[in-house]
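Counting begins at 1 with the first residue of the sequence.
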Amino acid sequence: MRLRIRPITWPRPALVLADTPRRGCPRCGGEGGRAYDYGDHETGEYAGTEWDPCPCWDEDRSWVLLPLPRFSRRRQPHVDPWGNGYSDEPPF
């Protein structure tokens, strides 16, 4: 196993320790698999891409090291409760 730390976002944000493909693999060249395009049998047009994973790597082999907090984006800009954002009173 060749392990690395990487961030994930699904099912929740976390840092995981994941397996990586073997660099010198003669089957995949270190990419972890091979992608190939296929066409529609009737028209011959491009229909999609398939992925053949290489046996030198298991993309499902990972362990959660550190769950990260979920950051929610505000839908509305921050509203200042005092109106204009500036105070005309001296600091105390």
Side-chain angles (χ1 to χ4, degrees):
M1 282 190 348
R2 292 135 320 272
L3 301 174
R4 68 176 174 171
I5 296 175
R6 68 175 208 168
I8 61 168
T9 58
W10 184 257
R12 77 168 283 185
L15 289 178
V16 297
L17 190 62
D19 190 16
T20 59
R22 194 174 66 205
R23 277 188 225 162
C25 179
R27 294 181 78 187
C28 68
E31 294 182 14
R34 185 176 155 159
Y36 59 93
D37 300 330
Y38 63 93
D40 187 3
H41 293 290
E42 295 176 11
T43 63
E45 295 292 321
Y46 172 78
T49 303
E50 285 289 326
W51 174 260
D52 260 345
C54 185
C56 76
W57 174 55
D58 182 9
E59 61 186 323
D60 296 327
R61 189 183 306 157
S62 64
W63 299 272
V64 175
L65 295 177
L66 178 68
L68 298 175
R70 295 180 186 180
F71 296 104
S72 63
R73 295 184 179 164
R74 294 183 181 196
R75 304 250 188 253
Q76 299 174 354
H78 176 68
V79 179
D80 186 17
W82 288 278
N84 62 2
Y86 297 101
S87 175
D88 53 352
E89 297 199 14
F92 289 35

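- Summarising the geometry, atom CH2 belonging to Trp57 is positioned 14.0 Å from atom CZ belonging to Arg27; distances are rounded to the nearest 0.5 Å.
- Screening Ile8, Ile5, Leu3 against Val16 for a side chain to side chain contact (heavy atoms under 4.5 Å, CB included) leaves a single residue, Ile8.
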Requested in this report: Walk me through it: do Arg2 and Asp19 pass the test side-chain contact (heavy atoms from CB on, under 4.5 Å)?
Outcome: CA-CA 5 Å; Arg2 292 135 320 272; Asp19 190 16; 4.1 Å; yes

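- Judged as a side-chain hydrogen bond (donor to acceptor under 3.5 Å, both in side chains), and not counting sequence neighbours, the contacts of Tyr46 are Thr49.
- One distance of note links OG1 of Thr20 with CZ of Arg61; it measures 10.0 Å at 0.5 Å rounding.
- When atom types are taken as modelled, the side chain of Arg34 and the backbone of Glu50 share no donor-acceptor pair closer than 3.5 angstrom.
- Two residues are said to be in side-chain contact when any heavy atoms from C-beta on lie closer than 4.5 Å; Pro21 and Cys54 fail this criterion.
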